[in-house]
Amino acid sequence: IRIYGDSIHYFGNIELAYIYGDVKVESDKINILTNQLIYNRNLKQVEYNQGATVNENNMGYIIKSQKGIYKTQNKYVFFKDSVSLIHKDYKIFSDSLIYHTSSQKSDIIGNAEIQTKNSQIYCKKGWFDNKNKIASFKDSVVYKNKSQILYADSIFYNAKNGTSYA
């Protein structure tokens, strides 16, 4: 990864960097934009606590949250607090979300709303695989479209063939 910022406080003995002002983190999969972050070389992680925007380079996601941790070795980002994932085909608003940069899968944790052009889905947990266009929504699921409302414990959805089951 590459990290840019206006200023840095680096503690070499513990390999911890505090980076401030127009901070940008670049990797092969994502870019993170924020005003300040902490980079821990020992843990191989980037952490922010005052809001950030993450651009996913391959799938066109824009993900925003107030807090987040990017585990550079494990290739995932844990988003927390006021999470929004914006894609051209859908939007996800959630308490927390884990995005796996190598597999392009998202784990939904906590209350979530998924909006598409034709429907809304509410759930408390689930996952979405954008690469394979499949998803599973669990725990008090409500699916709404213009003419129907479905309540279920879980819903599995396959966008490739247009099937779903509860």
Side-chain angles (χ1 to χ4, degrees), residues 23-25 27 29-40 43-166:
V23 180
K24 183 175 185 179
V25 178
S27 75
K29 303 281 185 179
I30 64 169
N31 294 331
I32 301 173
L33 304 170
T34 186
N35 287 324
Q36 69 179 43
L37 63 79
I38 302 167
Y39 177 58
N40 187 321
L43 298 176
K44 295 181 174 59
Q45 77 179 24
V46 171
E47 181 176 354
Y48 61 88
N49 293 303
Q50 295 186 1
T53 299
V54 177
N55 296 306
E56 203 284 341
N57 299 329
N58 296 320
M59 300 306 294
Y61 294 137
I62 297 172
I63 307 170
K64 295 181 180 183
S65 69
Q66 289 303 306
K67 300 176 184 177
I69 298 174
Y70 175 31
K71 296 282 194 172
T72 61
Q73 189 170 16
N74 297 338
K75 306 270 189 226
Y76 72 83
V77 187
F78 174 71
F79 299 97
K80 184 167 179 55
D81 194 6
S82 304
V83 180
S84 64
L85 184 152
I86 308 300
H87 185 269
K88 65 180 178 76
D89 297 327
Y90 57 89
K91 297 175 185 176
I92 299 174
F93 302 97
S94 179
D95 295 338
S96 300
L97 184 96
I98 298 173
Y99 179 69
H100 304 271
T101 61
S102 54
S103 65
Q104 300 170 351
K105 292 181 182 175
S106 299
D107 295 321
I108 299 166
I109 303 166
N111 294 326
E113 177 183 352
I114 300 92
Q115 299 175 350
T116 68
K117 291 177 183 176
N118 300 316
S119 65
Q120 290 180 306
I121 301 168
Y122 302 92
C123 65
K124 293 186 179 176
K125 60 183 171 181
W127 56 264
F128 184 79
D129 180 343
N130 195 47
K131 192 174 188 179
N132 295 306
K133 305 288 187 211
I134 55 175
S136 176
F137 306 108
K138 300 178 181 181
D139 200 358
S140 303
V141 181
V142 179
Y143 170 87
K144 295 181 181 181
N145 64 22
K146 291 180 182 179
S147 62
Q148 300 172 329
I149 298 177
L150 171 68
Y151 298 92
D153 292 333
S154 64
I155 294 176
F156 179 81
Y157 177 66
N158 184 331
K160 283 184 179 179
N161 63 19
T163 61
S164 61
Y165 56 88

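Fair warning: this is a prediction, and the values are worked out from it, not measured in the lab.
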> Given Tyr99, which partner from the list Gln104, Glu56, Lys29 fulfils the side-chain hydrogen bond (donor to acceptor under 3.5 Å, both in side chains) test?
Glu56

> Walk me through it: do Tyr165 and Thr163 pass the test side chain to side chain contact (heavy atoms under 4.5 Å, CB included)?
CA-CA 7 Å; Tyr165 56 88; Thr163 61; 5.9 Å; no

> Apply side chain to side chain donor-acceptor pair (under 3.5 Å) to Lys75 and list each qualifying residue two or more places apart in sequence or on a separate chain.
none

> When rounded to the nearest 0.5 angstrom, what is the spacing between NZ in Lys124 and OG in Ser140?
4.0 Å

> Out of curiosity, Trp127 CH2 to Phe156 CZ, how far, rounded to the nearest 0.5 Å?
5.0 Å

> Pick from Asp129, Leu97, Ile63: which one makes a side chain to side chain contact (heavy atoms under 4.5 Å, CB included) with Ser106?
Leu97

> Do side-chain atoms of Asn74 reach the backbone of Tyr76 as a donor and acceptor pair under 3.5 angstrom?
no

> Taking all atoms of both residues into account, what is the closest heavy-atom pair of Tyr39 and Gln45, and its distance?
CD1-O, 3.3 Å

> Count the heavy atoms belonging to other residues, nucleotides or ligands that lie under 6.0 Å from NZ of Lys44, then report whether that count exceeds 12.
no

> If every non-hydrogen atom of Tyr157 is compared with every non-hydrogen atom of Ser164, which pair is closest and at what distance?
CD1-CB, 3.8 Å

> Nearest 0.5 Å please: distance from the OG1 atom of Thr53 over to the NZ atom of Lys64.
4.5 Å

> Please walk me through it: do Ile114 and Ile108 pass side chain to side chain contact (heavy atoms under 4.5 Å, CB included)?
CA-CA 10 Å; Ile114 300 92; Ile108 299 166; 4.2 Å; yes

> So Asp107 and His100, side chain to side chain contact (heavy atoms under 4.5 Å, CB included) or not? Walk me through it.
CA-CA 8 Å; Asp107 295 321; His100 304 271; 2.7 Å; yes

> Nearest 0.5 Å, what's the CD1-CG distance between Ile62 and Leu33?
10.0 Å

> Search all heavy atoms of Val141 against all heavy atoms of Asp153 and return the closest pair with its distance.
CG2-O, 3.7 Å

> Of Val46, Ile30, Thr34, Thr72, which meets side chain to side chain contact (heavy atoms under 4.5 Å, CB included) against Val25?
Val46

> For Cys123 and Lys138, which heavy atoms make the closest approach, and how far apart are they?
CB-O, 3.5 Å

> Tell me, do Tyr70 and Val54 make a side-chain contact under 4.5 Å, heavy atoms counted?
no

> If you look only at pairs with a residue in residues 87-97, which of them pass as a side chain to side chain donor-acceptor pair (under 3.5 Å), with sequence neighbours excluded?
Tyr61-Tyr90, Tyr90-Asn130

> If I take atom OH from residue Tyr143 and atom CD from residue Gln120, how far apart are they, to the nearest 0.5 angstrom?
10.5 Å

> Tell me whether Lys105 at atom NZ has more than 12 heavy atoms from other residues, nucleotides or ligands lying less than 6.0 Å away.
no

> Let me confirm one number: the CD1-CZ distance from Ile109 to Phe78, rounded to the nearest 0.5 Å.
5.5 Å

> Minimum heavy-atom separation for Ser27 and Asn57, please, with both atom names.
O-ND2, 3.6 Å

> Before giving the answer on side chain to side chain contact (heavy atoms under 4.5 Å, CB included), spell out for Tyr48 and Ser65 the whole-Å C-alpha distance, their side-chain angles and the decisive distance to 0.1 Å.
CA-CA 9 Å; Tyr48 61 88; Ser65 69; 2.6 Å; yes

